[in-house]
Amino acid sequence: MSVKVLPGEVAAKIAAGEVIERPSSVLKELIENSLDAGASRVSVSAEKAGKALIRVNDDGAGMSPEDLRLSVMRHSTSKIAAFEDLDALSTYGFRGEALFSALAVSRLKITTCRAGDDAASFIEGGSGEIKAEGKAPPARGTTVEVRDLFFNVPARLKFLRSDPSERAQLIRVVEEAALANPGVSFSLEVDGAEVFSLKADKGPWESACLARARELLGGKVAAGLTALEQNAGELSLRALFSLPDSLYATRQNQFFFVNRRPVSSKTLQQALYRGYDIMRGSKHPACAVYLDLPPAEVDVNIHPRKADVKFRAEGAIFKFVSGAVNARLLKTQRASAAIDSGAAPAGQAAFPPAAASPEVRAVFGTGKPPAGAAGPEPVTDALFAAEPAPGESGPSWYQPPVNYLGQLSKSYLVFESGGGLLVVDQHAAQERVLFEKYMDELVLGKIRVQPLVIPVSVELSASQAENIMRWQDWLKGAGFEIGRSGPTHMLLHATPALFYFSQDAAQELFGYLSEVLGEPSKSDEALKRNTIATMACKRSVKARDFLKPQEAQRLIEDLKAAKDSFHCPHGRPTLFHIGRPELARRFQRTTVV
Ligand code: ADP
Ligand code: MG
């Protein structure tokens, strides 16, 4: 085979693939260009999840007709002139590749006009060539239209996801830009319908960012946020993040920005979790974290789409962020409540020197909550009865007569069983029983559904809502009928009859669903059923409920019939049994009575 230089068009298509992977990556570049041009308003519209059209219109500086033609040439940029300029970068763009790539893989039209120009200019083209140019009526700013993305790269087209999935990503890109730039107004329209329209707020960052968070994430999430601002020399940290009593089952509401750029930085994320060291469990804060530092201190050039960044002083930044978050949490009233409820003494928690606390490992080690996260480690103790042998007789802990004696702390049910002591964690047991009943119904395809007289309304981010709507049919099969009453409002119309959801529980369930259902690793049908059953059971039963004696007796009979009566669906123990011989031993009796 001989070595050949690739024709320009082929090389351009290959290069474009690095910058433009999907509709959301084009949109990100176009919005960043508008922001770099000093826009105070950015209006986005998309059709067919951006596959048919992405249009970004801004009121920024615009371009001269000459610059317009140059803007689609490779490595043409007005933003840097030399490699060293990267160290003083204050713009989003710098590679001069976005418009060049868009022209290579779509039908592109750019219309632009500077203040004072008597006409706007446009160029139009596709497959790497400008095919037409001309004049249009003047209107300051720039409109970029990207149509039929990848029409000439069928291989790429095949890799795009379903419309709802691509749409969710498009929306997320606008959400990120809007959270990072509260001083700019943003609007988004999808298939002709408005998703949101956000007014610019040029006031202090805290109130401006909070207002954005309220509009994008919903009032409930925003109300659970606290704010902090801390500076150290040229390092500046501003952050909104959840109070310890307002955590979520997923990480979807986490936004990190470095020098206004949305990033997924493990360093920042881990630092945030470390800041919550006082807490246990596998819950996740919502956050908008803004870190600003000299451009020379951060390398944004390690990723083609600039999605991750590298800090020169990784360790120091980690400490700075986690320390600031930790100090802020310790100061809040609600944080002290969390300490009182017994996770760890405040003094120790403030800043242990170890590099990765068990909490951080727990959160980052696995994608889903560790088993037993809601309570103590599952205890394996000699006191626990052995696993039952399958058979007619039921589990070993069930030795008739089984009599209900009473309830402790509104959480534990105490029974006499076989002359010994049987203690049941009411919540865990209810979860187990519900779980098995629901799984039976699911497997048989005979879900009993309970329509809600008043639908429960849940507020989510628009991208989360999109994610969930993709699963509307599947959820219906699982007994959950959902709908929408707006881009960020979902309605729960019906649930499986076995469950009861409070407003809060429904909110949590939806948040979790939006993350879990979309994960390819959960695409296995059985796994998906298991996941939804586990989640639903957890959220539909409450601890500290008073049970009547008949209800307690009923529960123990149901538990006896369960396939695994020893564990809740998360793996936490449901009960322990101290048999008669053990009681005798403890009281040093020589004969068992
Ligand atoms: P980069 O942003 O890396 O410079 P792009 O290909 O995204 O590269 O854009 C090339 C150039 O086109 C920019 O440097 C800028 O001068 C100009 N440009 C692009 N979009 C706009 C816009 N919305 N308003 C004004 N100028 C723009
Ligand atoms: Mg750019």
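Residue numbers run from 1 in the order of the sequence given. Every number for a ligand or one of its atoms is a count from 1 in the order of the listing.
- Taking a cut-off of under 4.0 Å to the non-hydrogen atoms of Glu97, the atoms of ligand 1 that pass are 6 (O), 8 (O).
- Closest heavy-atom approach to atom 22 (C) of ligand 1 within the set Ile110, Val42, Thr142, Leu68: this belongs to Thr142.
- Taking any N or O of Asn33, backbone or side chain, at least one lies under 3.5 Å from an N or O belonging to ligand 1.
- Contact annotation: for Ala37 versus ligand 1, heavy atoms closer than 4.0 Å belong to the side chain alone.
- Contact annotation: for Leu99 versus ligand 1, heavy atoms closer than 4.0 Å belong to both the backbone and the side chain.
- Taking only nitrogen or oxygen atoms, main chain and side chain alike, Ala98 reaches within less than 3.5 Å of ligand 1.
- A search for side chain to side chain contact (heavy atoms under 4.5 Å, CB included) contacts involving Arg41 returns Ser43, Asn57, Asp59, Ser185, not counting sequence neighbours.
- Heavy atoms of Asp67 found under 4.0 angstrom from ligand 1: none, in either backbone or side chain.
- Listed by chain and residue number, Phe257 satisfy the ring-ring contact (aromatic ring centres under 6.0 Å, His included) test with Tyr290 (two or more places apart in sequence, or in another chain).
- Side chain of Asn253 to main chain of Ala286: no donor-acceptor pair is present (N/O by atom type, distance under 3.5 Å, no hydrogens or angles).
- The main-chain N or O of Ala177 is found under 3.5 Å from a side-chain atom of Asn181 such that the two form a donor-acceptor pair.
- Without hydrogens or angle criteria, Arg238 side chain to Leu291 main chain gives no donor-acceptor distance under 3.5 Å.
- Between Glu29 and ligand 1 there is no heavy-atom distance shorter than 4.0 Å.
- The shortest distance between side-chain heavy atoms of Glu166 and Lys48 does not fall below 4.5 Å.
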